[in-house]
Amino acid sequence: MGGAIFAIATFVLGGILTFSGLGLIAFMKYKDLWGLGEGRSIGILFVCVGLLMSILGVMVMRIVRNRI
């Protein structure tokens, strides 16, 4: 059960990061984001990490489903 909760949470968090990254790329292109960098570069980072987390969530879901 813990693996399934981890998989769903990872998948959902990855989706949130992906779409928030797309929003940062679209709306915060050349604006500074709290001194961390441009919105576009942080958006690209969020999209990449979000996609990786979504893929990880799907892979863990498959593993958990095949183990039960």
Side-chain angles (χ1 to χ4, degrees):
M1 188 70 176
I5 292 171
F6 173 73
I8 294 292
T10 306
F11 183 71
V12 169
L13 187 62
I16 291 170
L17 277 176
T18 301
F19 285 107
S20 65
L22 289 174
L24 283 173
I25 291 171
F27 299 118
M28 301 287 285
K29 258 188 187 170
Y30 299 110
K31 296 179 184 171
D32 187 40
L33 216 59
W34 307 296
L36 297 174
E38 281 186 354
R40 183 173 177 261
S41 60
I42 295 174
I44 291 171
L45 175 71
F46 279 7
V47 168
C48 293
V49 171
L51 289 175
L52 288 174
M53 286 181 71
S54 293
I55 292 169
L56 176 69
V58 169
M59 289 174 63
V60 172
M61 279 186 224
R62 299 288 296 187
I63 291 169
V64 168
R65 181 175 175 180
N66 287 334
R67 298 284 178 202
I68 295 177

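Keep in mind that what you see is a predicted model, and the values were worked out from it rather than measured. One is the number of the first residue; the rest follow in order along the sequence. Just the heavy atoms: all of them, side chains too, but no hydrogens, waters or symmetry mates, feed the values below.
Heavy-atom minimum distance, Phe46 versus Ser20: CD2-OG, 3.8 Å. Nearest heavy-atom pair across Gly15 and Ser54 is N-OG, 3.5 Å. The two residues Glu38 and Lys29 come nearest to each other via the heavy atoms OE1-O, 3.8 Å.
The hydrophobic cluster containing Phe6 does not contain Phe11, counting ILVMFWY residues as joined when their side-chain heavy atoms lie under 4.5 angstrom apart, directly or transitively. Hydrophobic clustering (ILVMFWY, side-chain heavy atoms < 4.5 Å, transitive): Val49 and Leu13 are in one cluster. With hydrophobic clusters built from ILVMFWY side chains whose heavy atoms lie under 4.5 angstrom apart, Ile44 shares a cluster with Leu22.
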(request) With side chain to side chain contact (heavy atoms under 4.5 Å, CB included) as the test, would you mind laying out the steps for Ile8 and Met61 before giving the verdict? (result) CA-CA 8 Å; Ile8 294 292; Met61 279 186 224; 3.9 Å; yes
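Just one of Leu52, Leu24, Ile25 meets the side chain to side chain contact (heavy atoms under 4.5 Å, CB included) condition when paired with Val47; it is Ile25.
You'll find the side chain of Val60 stays beyond 4.5 Å of the side chain of Thr10, heavy atoms only.
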